[in-house]
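The structure under discussion appears below in the form of structure tokens.
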Amino acid sequence: MSYNLTAGAIEDIMGGSKVESPILQCLDWKKISSQQGADRFRLLLSDGVCSHSSAMLATQLNDKVTNGELEPNSVIKLDKYLCNTINGNRRVMILLEITVIAKGAQVGSRLGNPTPYKLGESKEAKVEQPVAKPVQNSISNNQQNKPQNSFYNNSSSKPFVAAQPSINGPGDSPVRVHPISSLNPYQNRWTIKVRVTSKSQIRTWSNSRGEGKLFSMTFMDDSGEIKATAFKDQVDKFYDMIEMNKVFFVKKGTLKTADKRYNTTDNDYEMTFNNDTEIIPCDDDTSLPTINFNFVEIGNLQSVEPNSNVDVLGVVKSVAEVSTITTKQTNKELKKRELELVDRGQVLVRLTLWGLEAENFNSMNNPVVAAKNVRVSDFGGRSLSCGSSSQLVLNPDIPQAHQLRGWYDSEGRNADFNAYSSEAAGSGSHSTNWKSFGDVKSQNLGTGEKGDYFTAKGTIVYLRKENCMYMACPQADCNKKVVDQANGYYRCEKCQKEFPNFKWRMILSANVADFSDNQWVTCFQESAENVLGISADELGKLRSENEAAFDKVFDESVFKSYVMTLRAKMETYNEETRLKVICLKATPVVAEDYHKKLISEIEQMLSI
DNA sequence: CCCCCCCC
């Protein structure tokens, strides 16, 4: 097996040429530790002729190193990369997208005989291509630290020079547009061309260090996104101008390390506007990506970690009035409004809007809403809340939204929904917490204080007939076992009373299996009656009067499948602690409903 | 320079 490295690519790239999708060998990598906790990897790349160690892996690709995909000697294709100049002459490549063509172990050793690249040294005695020369003085105010030939190797048609005359003064050269991913705190001569993909409300603060107001926003271009914040004067200057989804040129802002606690973008840096910041509207609305979503299905919110942020797509089934609440901490009055969102999984979740967004939300006719970056809370099972970095988009023009619209108008409008809600916290909300029996073990369910409630589809593989029922106190609120006095009376020790009758109660041990594992579960009265399809009273009669019929009830119940509401909890008997799983409810599988759930899970998988 | 994301 031979691998064709793009010989000469490193020299060309270092010389400033644009090389499409070069194939290089990664000879080694090195972890550059940073105080921020975000590791960065520097790669030693070779094109077979030259090697060069100034290639940084974009942090979103770190897992390629950590998961072992990019081991030394791998052959890789650079699908998307940048080349920046630092300190006037040192060039650094930033790898944004790569494909590992051959694993290091497969390649085995370094290919060719690469020697380290040195600036200005040509490997061959060839005439230098004019394009490979650093661009000199083509831009007014040329600075040492300016990225002289920063380019963005995406598609062939991406303009590197803004064709927008409005930001160039008379006689100025066209302004070079930089990708967001190239911004860093060490260079301040840049212009980015970005779309606004979120915009917060204005918020005020007052603390020991002073007071003021601010708003924040997210900018996006092909290379990534960045959070930007405007304070005080800059709020007055830019708040009205910055509009969701619009495109702007932005130049001169202060870059600092992103505080990942409050910044959900994948950018290592964030921007603060300053007195020199310029923002110029741009009417080009087509060349930049628009807000993108990574939707979690409403029914899958149960498996999302509370207090994390997600994107959700749903139909607004209902809109409540605005109400006012008072915060516990500061006694501040806040306006809120609740929306109910539903999707094809037929699950309903509540989304809370705050402040002006609550007051201004005014939409009838059950719009589809795409909610970006909303916070997941575990209140009432799961609920959603908008924060400052959240963004709602009504009736977005995306395929999933159109599908959802069609579904809602044709059937969803009249469908019943499984709601995450506080009333259902004991049962209903758990009906959407699907687990497999394999999950019960691998996720250590039941180890918590309260026990874990979940839903599983299981097939009965064995029913333990022995001791599955007992004679119980006939009092309505007492289910204690009674003692047969052998004189026609039955004594309940708890009630301290003898009765001429008793009632049958069930404790049925069932072994239930799904694709992943099997599980012993205990069914008490109701769920045992569900599973056996007969009342305890009738079964009790059969037991004493017709053993064959009694056995038949069990035989016929085996290999039937049920959707079960279960509770797993560790319990201790005689100093032995083991997991006990109780079946609270068992309903025969309705194929149509269950298949809908499977289909929505498949759709969920495909949409990622 | 904020850093709150609330309430049931």
Side-chain angles (χ1 to χ4, degrees), chain A residues 36-37 185 198-218 226-239 242 253-265 267 269-277 304-312 318-340 348-361 371-392 419-426 428-429:
Chain A
Q36 306 312 324
S198 81
K199 179 190 176 186
S200 79
Q201 299 170 36
I202 296 171
R203 190 167 62 83
T204 57
W205 84 88
S206 174
N207 60 28
S208 57
R209 287 182 295 271
E211 56 183 61
K213 60 182 171 183
L214 72 126
F215 81 102
S216 60
M217 68 220 87
T218 308
I226 191 164
K227 178 183 173 180
T229 307
F231 290 97
K232 301 175 186 176
D233 293 350
Q234 273 71 250
V235 175
D236 298 331
K237 205 163 159 186
F238 297 122
Y239 189 79
I242 294 289
T254 306
L255 274 299
K256 57 171 191 170
T257 305
D259 188 334
K260 290 294 181 187
R261 286 174 299 172
Y262 314 109
N263 185 329
T264 53
T265 70
N267 203 315
Y269 303 112
E270 60 191 35
M271 186 188 304
T272 303
F273 292 169
N274 59 41
N275 282 329
D276 297 324
T277 299
V304 172
E305 200 60 34
N307 304 322
S308 57
N309 291 321
V310 294
D311 303 344
V312 167
S318 77
V319 181
E321 293 299 310
V322 175
S323 60
T324 307
I325 60 119
T326 308
T327 62
K328 281 177 181 165
Q329 303 275 328
T330 56
N331 285 326
K332 205 167 57 175
E333 290 218 324
L334 278 176
K335 294 267 198 290
K336 69 156 188 172
R337 191 198 289 270
E338 309 274 4
L339 310 183
E340 286 184 320
L348 182 151
V349 72
R350 216 170 68 174
L351 171 65
T352 308
L353 311 186
W354 301 95
L356 278 175
E357 198 174 12
E359 296 190 61
N360 296 341
F361 189 90
K372 173 100 194 148
N373 249 323
V374 288
R375 192 180 172 88
V376 178
S377 128
D378 61 358
F379 181 77
R382 284 292 184 275
S383 54
L384 302 171
S385 176
C386 280
S388 66
S389 62
S390 304
Q391 194 64 49
L392 294 192
Y420 291 108
S421 71
S422 43
E423 300 86 70
S429 68

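For clarity, every value in this text was computed on a predicted model and none was experimentally measured. FYI, side chains are in, hydrogens and waters are out, and symmetry mates aren't considered; it's all heavy atoms of this structure. Here is the naming used below: chain letters follow the sequence lines, and residue numbers restart at 1 for every chain.
Rounded to an integer number of Å, the gap from A/Arg337 CZ to B/dC6 C1' is 17 Å. Across the protein-nucleic acid pair, A/Lys332 atom NZ and B/dC7 atom C1' stand 13 Å apart, rounded to whole Å. Distance A/Glu211 CD to B/dC3 P: 12 Å, rounded to the nearest Å. One interatomic measurement links the two molecules: CG of A/Leu214 to C1' of B/dC3, which rounds to 9 Å at whole-angstrom precision. The interatomic distance linking A/Gln201 (CD) with B/dC4 (P) rounds to 17 Å, in whole Å. In this entry the distance linking NZ of A/Lys328 with P of B/dC5 reads 12 Å, nearest Å. At whole-Å resolution of the value, CE in A/Met271 and C1' in B/dC2 are 17 Å apart. For the pair A/Asn263 CG and B/dC3 C1', the computed distance is 11 Å after rounding to whole Å.
Counting any heavy atom pair closer than 4.0 Å across all strands shown, A/Ser323 reaches no nucleic acid atom. A/Glu333 comes within 4.0 angstrom of nothing in the nucleic acid, heavy atoms only.
At distances below 3.5 Å, at least one donor-acceptor pair connects side-chain atoms of A/Arg337 with backbone N or O atoms of A/Phe361. For the pair A/Arg203 (side chain) and A/Leu214 (backbone), a donor-acceptor distance under 3.5 Å is absent.
With B/dC2, B/dC8, B/dC1 as the candidates, the nucleotide lying closest to the side chain of A/Lys232 is B/dC1. Comparing atom distances between the A/Lys256 side chain and each of B/dC6, B/dC7, B/dC3 picks out B/dC3 as nearest. The nucleotide whose nearest atom lies closest to any side-chain atom of A/Tyr262 is, among B/dC2, B/dC5, B/dC8, B/dC5.
For the residue pair A/Thr352/A/Ser385, the side-chain donor-acceptor check at 3.5 Å is not satisfied.
In this structure, A/Phe231 packs face-to-face on the six-membered ring of B/dC1, meeting both the 5.5 Å centre cutoff and the 30° plane limit. The aromatic ring of A/Trp354 does not sit over the base of B/dC6; the criterion of centres under 5.5 Å apart with planes under 30° is not met.
Dashed line: the shortest gap from a side-chain N or O of A/Arg209 to OP1 or OP2 of B/dC2 is under 4.0 Å. A close approach under 4.0 Å does occur between a side-chain nitrogen or oxygen of A/Arg375 and OP1 or OP2 of B/dC6. Contact check, A/Lys335 against B/dC6: no side-chain N or O comes under 4.0 Å of OP1 or OP2.
For B/dC4, the base has a donor-acceptor partner in the side chain of A/Ser388 [N/O atoms by modelled type, under 3.5 angstrom]. The base of B/dC3 is not paired with the side chain of A/Arg261 by any donor and acceptor separated by under 3.5 Å.
In summary, of the residues considered (A/Met217, A/Glu270, A/Met271), a side-chain contact (heavy atoms from CB on, under 4.5 Å) with A/Lys227 occurs for A/Glu270 alone.
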### Task
Show your working on side chain to side chain contact (heavy atoms under 4.5 Å, CB included) between A/Trp354 and A/Ile325 and close with a plain yes or no.
CA-CA 10 Å; A/Trp354 301 95; A/Ile325 60 119; 3.9 Å; yes
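Of the residues near DNA chain B, A/Ser389 and A/Ser377, the one whose nearest nucleotide (by heavy atom distance) lies more toward the 5' end is A/Ser389.
Rounding to the nearest 0.5 Å places OG of A/Ser388 at 10.5 Å from CD of A/Glu357.
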